[in-house]
Amino acid sequence: MVLLDIKGISKSFKELKAVDDLSFTIDEGEIFGLLGPNGAGKSTTISMIASLLPPDDGDIIYKNESIMTKPNKLQKELGLVPQDIALYPTLSGYDNLKFWGHVYGIRGKELKNRIEEITELIGLSDRIKDRVDKYSGGMKRRLNIGAALIHKPRLLIMDEPTVGIDPQSRNHILNTVKMLNKEGMTIIYTSHYMEEVEELCDRICILDKGKVLASGTKLELIKLINGRERIDVQFELLNSKFMEEIKKLFYIGEITVLDNRVSIISENAENLLGDLIQIIKNSNTRILSIDVQKPSLETVFLHLTGRALRD
Amino acid sequence: MKIIDIVIKDFRIALSDRAVIIELILMPIVLMAILGFALTMTFSDFSNTETIKIAVVKEYDIEAEKTELLEMIPKESNIDIESIDFGDFDIERIFFDDFLGNKDIEEIIQYEIMTRDAAVKKMENKEITAIVILPKGFIKDTMINFGTSFRNIVDIQVIGRTDKNIRTTIVEEILKGFTDVLNYNIAAKNTFARIYNHEGIEGNIAEHIKPLSKEIADVLGAEKPKLKYEELNDRPPMNSRAYYSFGMTAMFMLFAAGYGSKFLLEEKQMGTYDRMSASGVKKSTIVIGKSATIFLVALMQMIITYLFSSTVLQVKWGQFSNLIVIFVCSAFCVAGLGIMLASITYYAESYNLANLFSSFIIQIMAVLGGSMVPVEIMPGFARMASKLIPNGLFMNAVMKNYYGYGLDEYIYSIVGLILLGLIFINIATFTLIQKGRGIGNVKHTNVKANAV
Ligand SMILES: Nc1ncnc2c1ncn2[C@@H]1O[C@H](COP(=O)(O)OP(=O)(O)O)[C@@H](O)[C@H]1O
Ligand SMILES: [Mg+2]
């Protein structure tokens with residue numbers, strides 16, 4: 001069942017088209033990934049879904065009703081995890097959760113139980129009475145998620161929930177997302193880390209410059225690059241002789257250069273590796289590493305845009 | 001319900017910040033104690049400079065009463081009728097020129113002679129504070145008291161306004177001073193006369209009355225009625241502890257507005273504003289909640305400074321129920337000021353105005369409003385300005401209340417506070433609506449969360 005239907009929404013900031021005629025649908029019970037580099041328009045899209053920004057164009061339908069006319073229905077069932085931590089730093093974690101509970105009209109015993117459950121879920125039981133500004137970045141991120149869960153939302157939108165945190169907190173968050181989904185929660189997961197999106201999401205939409213580049217399941221997306229593999233070569237100092245030679249190979253797909261790093265996409269990786277080593281020898285240059293990459297969303301993005309996902 | 005949740009949350013945030021507690025609560029208390037004890041200048045000279053306007057009604061008929069008086073004197077009396085010189089002992093002249101015309105009294109009371117009806121009308125219009133009625137027989141009876149051994153009661157009546165405030169009491173007290181001196185001299189004269197009679201000395205009493213009449217004027221002149229009124233109703237004269245308790249409360253309530261001026265932009269930048277919006281909380285609910293918080297912070301400040309100064313510094317603030325009215329109206333005005341500053345700060349997306357207000361504008365307002373030195377000794381423009389700023393209006397109201405005036409005597413301050421508050425709220429609303437129109441152009445602070 002389609003829970004949320006995004007129909008051709010656009011949003012401009014003065015000259016800049018941050019979101020450009022964007023459409024996708026979210027099915028009940030899935031984890032939907034919005035993948036794209038910084039500035040792709042992910043947060044702007046989410047702001048429009050959360051009624052924080054009015055779209056210039058298009059419509060957003062939640063359960064067969066436009067949120068332009070009836071924002072309340074979605075607002076009540078939406079849990080929003082903003083990209084930047086939105087908490088009161090001088091209050092305790094407990095008081096933060098309590099306030100957001102009140103905002104959703106949860107009170108008394110029910111609220112107390114809910115706070116306990118969430119505290120457990122986000123693994124903050126021993127620190128929940130401390131002030132938030134005493135928390136580590138990872139703890140703040142986890143509480144930021146907890147605050148969005150207080151009212152048991154039907155749809156959870158997470159905007160880059162793992163930016164800038166330690167691996168342990170990241171794993172905790174990813175596991176939490178899986179668990180919530182297993183319990184039936186629909187989740188929109190936004191990230192510019194393709195590993196996370198690959199691991200979590202049933203369906204993925206790749207966004208760049210406000211437009212959909214591609215969308216589908218992970219397998220569907222990887223099919224786009226026809227099972228081609230990618231080899232990354234890190235040079236000590238890249239020279240032009242190497243570049244000339246490598247371009248002569250007939251089976252080469254795209255070549256991307258970033259500083260002294262060269263990414264080559266090819267359908268024939270075994271041949272490529274042998275030829276590559278030969279060319280390196282001939283071109284009198286030293287390399288630091290050679291990486292043979294399995295087909296991934298990173299490769300898909302590179303294929304689609306000629307740019308790396310991460311800057 | 002959500003407004004209350006927002007207020008409770010903001011109140012907790014305020015109390016969780018030590019700097020806020022120090023700035024809003026501790027500073028005024030410490031300053032009022034230090035200034036109150038360090039600067040023991042006397043405030044009584046400029047404590048009350050307004051004159052009281054009264055009407056005097058003459059119900060006596062001076063010519064008829066003089067004639068009546070002369071006819072009353074029996075032929076066989078030893079009083080020499082011819083020698084009674086009304087010019088020398090003229091009670092009317094003593095009352096109007098020597099007494100009400102006395103320089104010290106003139107500073108406090110201004111009188112106008114009129115009919116009873118005219119006086120009552122003026123009183124109804126609140127143009128005058130009291131009516132003094134010199135009764136029928138005032139001249140005759142006073143003269144009898146002085147000229148004979150009879151005692152006729154002379155009853156000068158003072159009609160005050162129904163709300164009987166301190167001004168009426170002042171008029172009563174001053175007139176009582178007059179009749180006291182009169183009675184004292186009559187008593188002295190009677191003793192004097194009795195001695196004359198007893199000794200059988202033929203004499204002209206009127207001759208001895210002459211110096212007495214001078215004495216009345218002298219005693220009245222020497223007496224400072226001001227001192228008297230300051231002691232009325234247990235009202236102490238203004239002292240520095242009381243003055244700075246009021247002054248610091250007036251000044252620091254502005255800091256509550258300064259604190260509130262960052263409320264909206266801060267909430268926006270913390271992301272909690274959007275988070276509330278996303279959950280369906282209306283913008284107006286957030287703004288009203290913030291205003292209510294500033295209101296409560298200001299009210300709490302006033303109550304704490306009140307409790308501290310009245311217990312530790314022994315300052316008597318005056319009538320309590322009126323004080324509550326002043327506090328509530330002032331807190332309303334401060335809340336308006338705070339939310340106006342907050343709206344402009346939010347609109348400008350910069351804390352410049354908020355910072356300028358707390359670091360500089362408050363100081364100027366404090367001086368203009370009389371928190372440092374009394375407004376009365378400042379130049380005219382400052383006295384004018386003090387009537388246009390919240391702390392100046394607060395100061396005026398609270399001082400009047402201290403002196404025991406009724407609410408009606410400073411009603412313009414109360415109305416002023418409410419009006420100012422409403423104006424501030426209107427500006428805030430207008431500013432926020434303007435901001436709402438241009439929402440697409442809000443600069444986005446995309447903070448990258450990096451280090452843990
Ligand atoms: N409020 C705003 N005002 C002006 N430009 C904005 C605003 N919000 C976002 N942008 C711009 O729109 C583009 C998309 O931003 P955003 O949606 O935050 O991207 P993402 O979340 O994918 O990193 C960026 O170029 C960003 O600078
Ligand atoms: Mg973003």
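Chain letters run A, B, ... following the sequence lines, proteins first, then strands; residues in each count from 1.
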Chain A heavy atoms under 4.5 Å from [X]: which part of the residue, side chain, backbone, both or neither?
| X | result |
| --- | --- |
| B/D17 | neither |
| B/I6 | both |
| B/E267 | side chain |

Is it true that atom [atom1] of [X] has more than 12 heavy atoms of other residues, nucleotides or ligands lying nearer than 6.0 Å?
| X | atom1 | value |
| --- | --- | --- |
| A/K209 | NZ | no |
| A/R131 | CZ | yes |
| B/F11 | CZ | yes |

Q.
I need the minimum non-hydrogen distance between A/L52 and B/A278, along with the two atoms involved.
A. CD2-N, 3.7 Å
Q) For B/T272 and A/L87, which heavy atoms make the closest approach, and how far apart are they? A) CG2-N, 3.7 Å
Need one label for [X]: side chain, backbone, both or neither, based on atoms under 4.5 Å from any heavy atom in chain B.
| X | result |
| --- | --- |
| A/S51 | neither |
| A/L74 | neither |
| A/N144 | both |
| A/K98 | side chain |
| A/N96 | neither |

Q.
Using the rule given for side-chain contact (heavy atoms from CB on, under 4.5 Å), can you reason through B/D5 versus A/V103, listing the C-alpha separation, both sets of side-chain angles and the distance that settles it, and then say yes or no?
A. CA-CA 7 Å; B/D5 293 324; A/V103 166; 5.8 Å; no
(Q) Please identify, among A/G105, A/A147, A/A50, the residue contributing the most non-hydrogen atom pairs under 4.5 Å to chain B. (A) A/A147
(Q) Would the distance check show the side chain of B/R275 and the main-chain N or O of A/W100 forming a donor-acceptor pair, the cut-off being under 3.5 Å? (A) no
Q: Hey, could you give me the CD1/CG distance between A/I46 and B/D274, rounded to the nearest 0.5 Å?
A: 12.5 Å
Q | Residue selection (most heavy-atom pairs with chain A, distance under 4.5 Å) from B/R12, B/K2, B/K9 | A | B/K9
